[in-house]
Amino acid sequence: MHILMYHQVTPNINPDFTDYSITPRMFNTQMSILKRFRFTPINLTQYEDYRNGRSKLPKKPIIITFDDCYQECIDYAVPILKENGFTAVFYVPTDYVGKKSHWIMPELGVEFSIIDWKTIKRLDLEGYQIGSHSLSHPHLAELAPEDCYDELKKSRQILEDKLGHEVVHLAYPYGSFNETVRDLAAEAGYRTACTTEEWFCREEDDVLLLPRVNIMGYSSILDFILKLHFEGRYNTTREWRRFTRRKIRGVGRLLRRIRDNIAKNS
Ligand SMILES: [Zn+2]
């Protein structure tokens, strides 16, 4: 199964944020592709129930996740999700709710508006799943364990207080984790956590270290289809071409060997 990772969806792609942005038009096409190939988006509770043997998954399950909760992303992506009847998971960095994404500024020189609590509550009521993306979007693996625990525990607590129900899903900011971070996430009460490790999700995966498939701004439609059907790392047409070229060269070598053997024996 694949867990798709999105960040920004906007018609005005910032040139410094192309890796993490796709246009609403592209997002719409991708959702149509999911529909056409009969994928069924599920949420992490359904996945958790499946992993605990409590229920089965639908045929061709897929999980759609969004990190950071940019206002534009919600404005453009949610109507498209709704149109398709798709569920999704939104990970909130709680310190930034109703503010701007200051954490990107030092690295990329851009920032975007983050949705407010009213919008988060609306998404929650509409059946989308809300997860934590820490308090302040730090590299958790670089923090002292007590600070890391605070980021995990407090953000979860804030979300639970605001939403009035339990919140047990987490995405590690920057995909920054290590064994300690993983164990602290468990201690802080999380039952699933997503990384940014680019891979498809396997039965034996640690539910607190779930890999995802990054949908990059430069992914083409062909990339997207390949990502959906290829269980591995060959996730862009560029890599895919490199991979097939290697295979073709391998077959070429084999054919030459066979030809030389025939020539030798005749
Ligand atoms: Zn993030």
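First listed ligand is number 1; within each ligand, the first listed atom is number 1. As a basis for the values below, the full set of heavy atoms in this structure was taken, side chains included, without hydrogen atoms, waters or symmetry mates.
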>> Strictly below 4.0 Å, N to O, side chains only: are D124 and K121 in salt-bridge contact?
In response: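 K121 and D124: not salt-bridged.
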> Does a donor on one side chain sit under 3.5 Å from an acceptor on the other, for Y6 and Q30?
Replying inline: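 On atom types as modelled, these side chains qualify, holding a pair under 3.5 Å.
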>> Under 2.8 Å from the Zn ion (ligand 1), can any N, O or S atom of D67 be found?
In response: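 Coordinating: no.
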>> I'd like to know: is the Zn ion (ligand 1) within the 2.8 Å range of an N/O/S atom from H137, strictly under that distance?
In response: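 Yes, since at least one N, O or S atom of H137 sits under 2.8 Å from the Zn ion (ligand 1).
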>> Classify the ring geometry of Y128 against F90: parallel below 30°, tilted from 30° to 60°, perpendicular beyond 60°.
In response: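 Ring orientation of Y128 relative to F90: perpendicular.
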>> Under a 3.5 Å distance rule, please check whether N14 uses its side chain to pair with a backbone N or O of D16 as donor and acceptor.
In response: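 Yes; judged by distance alone, with no hydrogens or angles, the pair exists.
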> the Zn ion (ligand 1) as vertex, arms to OD1 of D68 and NE2 of H133: angle to 10°?
Replying inline: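 D68 OD1 and H133 NE2 form an angle of 90° at the Zn ion (ligand 1).
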